[in-house]
Number of protein chains: 2
Amino acid sequence: MTTPPRFDPRRTLTLRDVSEASGVSEMTVSRVLRNRGDVSDATRERVLEAARTLGYVPNKIAGALASQRVNLVGVIIPSLSNMVFPEVLTGISDTLEDTGLQPVVGVTNYSPEREETVIYEMLSWRPSGMIVAGLEHTDAARAMLAQAGIPIVEIMDIDGTPVDSAVGISHRRAGRQMAEAIIAAGYRRIAFLGTMMPYDHRAKKRLEGFEDALSKAGLTLADREFYSGGSALLKGREMTEAVLKRSPDVDFLYFSNDMIGAGGLLYCLAQGIDVPGKIGLAGFNGVELLDGLPRRLATMDACRLEIGRRSAEIIAGKHEGTIGGEVIELFPTLQPGDTIRR
Amino acid sequence: MTTPPRFDPRRTLTLRDVSEASGVSEMTVSRVLRNRGDVSDATRERVLEAARTLGYVPNKIAGALASQRVNLVGVIIPSLSNMVFPEVLTGISDTLEDTGLQPVVGVTNYSPEREETVIYEMLSWRPSGMIVAGLEHTDAARAMLAQAGIPIVEIMDIDGTPVDSAVGISHRRAGRQMAEAIIAAGYRRIAFLGTMMPYDHRAKKRLEGFEDALSKAGLTLADREFYSGGSALLKGREMTEAVLKRSPDVDFLYFSNDMIGAGGLLYCLAQGIDVPGKIGLAGFNGVELLDGLPRRLATMDACRLEIGRRSAEIIAGKHEGTIGGEVIELFPTLQPGDTIRR
DNA sequence: ACAGCGGCTGTTAGCGGTAACATAACCCGG
DNA sequence: CCGGGTTATGTTACCGCTAACAGCCGCTGT
């Protein structure tokens, strides 16, 4: 299956074309286009003019091979539809903006094997750095990252051992904190509603921390419900209904993310349930969407923007003087909203 | 600013390393790793073994330069936080999956200049094809795309002249259809609520089609309200409140997207307004989120997955026999939901 | 026995740029 | 008016890989 020019039979332009059109050497053209080295204003103008009229677009493949420099940063995330990651990406892009570096996104769909493949593909383009969500990877993936000889930043989570650097929050601690707040508010029969995905390690860690704090207070989860796939908002409604039918006496619902939490909240409101009097609710992430809900769901922001920023700074080498291997812990703030009794 | 090996001082591996480790020529190693040409099982094994133990990751930069083949497809979209585009991307990835092609995403933030830059950067990696959202680009961007000599597919919208191929819906027609449905349901004092963004061409076209149909029925918009930035759900509430206060007699709210529509719906329900009796509502996109709302907002799906699929098929050359320049119009279906009188 | 062929491996010459090192032209003061 | 330092441009040798072709071997049919 060859790929002959299906469209434009013209050969694509090279430096040589520009050099001939402007009557200087390829090297000089290269210098002009990269703004490097001394070139007289006269020739610079002529070259730029020629490049512009020809419509020359430099070939970064050749450039990267020759200079051994690639201005790409690989960013590996589990999903784009999660609300969370686009915001992390924003933080990354914003920070990378003025460094000449460019993020390239790979999506794993929460599959470790897929992640391994994506990392391999990405590394084969020899990026200047990699930002990878999570600390859990296949052995092969971890080995590749460690071998790559570039800065690696694992983000979102710091409960574990990073390959190189890490920026994130402690999800165990986050779960614990939320549990403590809930207990302090006087709730006692607490249910957990979350994803079933076996590879959502961070949700799992939050739950662990949560149960930990419960048991320290002599409590255990009154009920639990899991889901996978589908519209999170709808699932939130359905799960809430299921839990409340099955365990009518629960007085708190802890959701593993804000979307299902929002669904649960809408359900409770529609049923005329007294929130937070009879039942309290809490989610996780602090997504913007919550601002538009009739009542503000209690949540904890995951420092998404900040995580993006800090990780990009590490890649961009803004922490000069360190040799990598940093671990930056951020501390999410609990936003009590209107769904936990004061 | 050089980039000396901050981390791993070891030279990164090349084909030569694998070739020496396995005692065959670089060419044979290359053949093994690409599964191309005849290699005896014995040597294949030895080579794979060597590559594996060394942890060799091929250098696609060099490969691409030598073979003049790049397995990347550029995908240029305005935003990732729009709900809409992640789904288009899913369609694209799924279709590209088994073609050996890989999507690379660029985000423009609805800025034409940014789009031009992103397209330039993307083209400089010499991708096998480009998928670009929208038909409106700067002249320079359009010229670059036309010159690139690769398949170009402009998606989402077909109301205009594509550079090469296009896959999408007619937003003018979509607006018109919605207006007709609303009028047919007996609403007469209709308001529009939407984005202020000057570069949301598709929302603009929907509004044009909408007003067109209104005026054919002898109607004009009773009110209009615009927003920019912030949480769309919250903005929806606020705008709805503003419109209802200003024009208490409107009987229909047409939102330029589902998120603000959902906000408006939640507001109306919270106010105890009779929906769709006193006021009808409609949005656009058919986002999954709506499934979780207390009442189903009337909307029109934008064929997002299908657009992704079809555009990827064009790039992958699955429409053999055509020379490009296809325009594929998809037809969105109106989902009346529960917010338009029957 | 030998031309012919298919299977397997190696050699050579780039791909389109850039680093590093010439080289040429010009300028200055002593 | 010439040595030495700019400034502006050109030359050469790769970067790591692959296309294209060349070579070698053993086997086949006649």
Side-chain angles (χ1 to χ4, degrees), chain A residues 1-5 11-48 50-51 54 56-71 100 123-128 148-149, chain B residues 1-5 11-47 50-51 54 56-71 100 123-127 148-149:
Chain A
M1 195 194 76
T2 60
T3 309
R11 200 173 39 76
T12 88
L13 299 166
T14 75
L15 267 192
R16 156 157 255 104
D17 296 295
V18 183
S19 110
E20 282 169 0
S22 54
V24 296
S25 73
E26 299 175 37
M27 195 60 228
T28 301
V29 176
S30 170
R31 279 195 270 253
V32 170
L33 296 178
R34 286 177 301 143
N35 267 318
R36 203 155 301 223
D38 301 312
V39 181
S40 74
D41 290 347
T43 40
R44 156 165 291 112
E45 268 320 306
R46 263 192 310 145
V47 168
L48 285 177
L54 287 175
Y56 172 71
V57 177
N59 185 332
K60 285 211 180 174
I61 304 211
L65 183 62
S67 67
Q68 303 281 40
R69 207 168 298 149
V70 181
N71 70 336
L123 285 178
S124 74
W125 288 102
R126 300 287 186 267
S128 300
Chain B
M1 198 194 77
T2 59
T3 309
R11 201 174 38 76
T12 89
L13 298 166
T14 76
L15 267 192
R16 159 158 251 105
D17 296 295
V18 183
S19 111
E20 281 169 2
S22 55
V24 296
S25 73
E26 299 175 36
M27 195 59 227
T28 301
V29 176
S30 170
R31 278 195 271 255
V32 170
L33 296 178
R34 286 177 301 144
N35 270 319
R36 202 153 301 219
D38 301 312
V39 181
S40 74
D41 290 347
T43 38
R44 157 165 290 112
E45 268 320 306
R46 262 191 311 145
V47 169
L54 287 176
Y56 172 71
V57 177
N59 184 333
K60 285 212 179 172
I61 302 211
L65 183 61
S67 67
Q68 304 283 39
R69 215 176 320 235
V70 181
N71 70 334
L123 284 178
S124 73
W125 288 102
R126 299 287 187 269

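Letters A, B, ... are given to chains in the order of the sequence lines, protein chains preceding strands, and every chain is numbered from 1.
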So, OP1 or OP2 of [N]: does either fall under 4.0 Å of a side-chain N or O from [X]?
{"X": "Ser67(A)", "N": "dT18(C)", "value": "no"}
{"X": "Gln68(B)", "N": "dC17(D)", "value": "no"}
{"X": "Arg69(A)", "N": "dA19(C)", "value": "yes"}
{"X": "Thr43(A)", "N": "dA8(D)", "value": "no"}
{"X": "Tyr56(A)", "N": "dG17(C)", "value": "yes"}
{"X": "Arg34(B)", "N": "dA19(D)", "value": "yes"}
{"X": "Arg31(B)", "N": "dT18(D)", "value": "no"}

Exceeds 12 heavy-atom contacts within 6.0 angstrom, atom CZ of Arg34(B): yes
Closest to the [X] side chain: [options]?
{"X": "Ser30(A)", "options": "dG7(C), dT9(D), dT18(C)", "result": "dT18(C)"}
{"X": "Ala66(B)", "options": "dG16(C), dT18(D), dT9(D)", "result": "dT18(D)"}
{"X": "Ala62(B)", "options": "dC17(D), dG17(C), dG10(D)", "result": "dC17(D)"}
{"X": "Met27(A)", "options": "dG16(C), dT11(D), dT9(C)", "result": "dT11(D)"}
{"X": "Asn59(B)", "options": "dC17(D), dG10(C), dT11(D)", "result": "dC17(D)"}

Would you kindly give the [atom1]-to-[atom2] distance between [X] and [N], to the nearest whole Å?
{"X": "Leu15(A)", "N": "dC15(D)", "atom1": "CG", "atom2": "C1'", "result": "15 Å"}
{"X": "Trp125(B)", "N": "dC15(C)", "atom1": "CH2", "atom2": "P", "result": "19 Å"}
{"X": "Ile61(A)", "N": "dC17(D)", "atom1": "CD1", "atom2": "C1'", "result": "12 Å"}
{"X": "Asp41(A)", "N": "dA8(D)", "atom1": "CG", "atom2": "P", "result": "8 Å"}
{"X": "Glu45(A)", "N": "dA8(D)", "atom1": "CD", "atom2": "P", "result": "14 Å"}
{"X": "Asp38(B)", "N": "dC25(D)", "atom1": "CG", "atom2": "P", "result": "18 Å"}
{"X": "Leu33(B)", "N": "dA19(D)", "atom1": "CG", "atom2": "P", "result": "13 Å"}
{"X": "Glu26(B)", "N": "dG14(C)", "atom1": "CD", "atom2": "C1'", "result": "14 Å"}

Taking the side chain from [X] and the backbone from [Y], do they hold a donor-acceptor pair closer than 3.5 Å?
{"X": "Thr28(A)", "Y": "Val24(A)", "value": "no"}
{"X": "Ser22(B)", "Y": "Ala50(B)", "value": "no"}
{"X": "Ser30(B)", "Y": "Glu26(B)", "value": "no"}

Just wondering, do Tyr56(B) and Leu33(B) contact through their side chains at under 4.5 Å, heavy atoms?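 Yes, close enough: below the 4.5 Å cut-off.
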Between Lys60(A) and Gly23(B), which residue's closest nucleotide on DNA chain C lies nearer the 5′ terminus?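 The 5'-side residue here is Gly23(B).
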Tell me the closest heavy-atom pair linking Val39(B) and Arg31(B), and the distance in Å.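 It is CG2-CB, 3.9 Å.
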If you pin Arg36(B) and Leu65(B) to their nearest nucleotides in DNA chain D, which one's is more 5'?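 Closer to the 5' end of DNA chain D: Leu65(B).
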Under 3.5 Å, is there any donor-acceptor pair linking the side chain of Arg126(B) to the base of dG16(C)?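 No.
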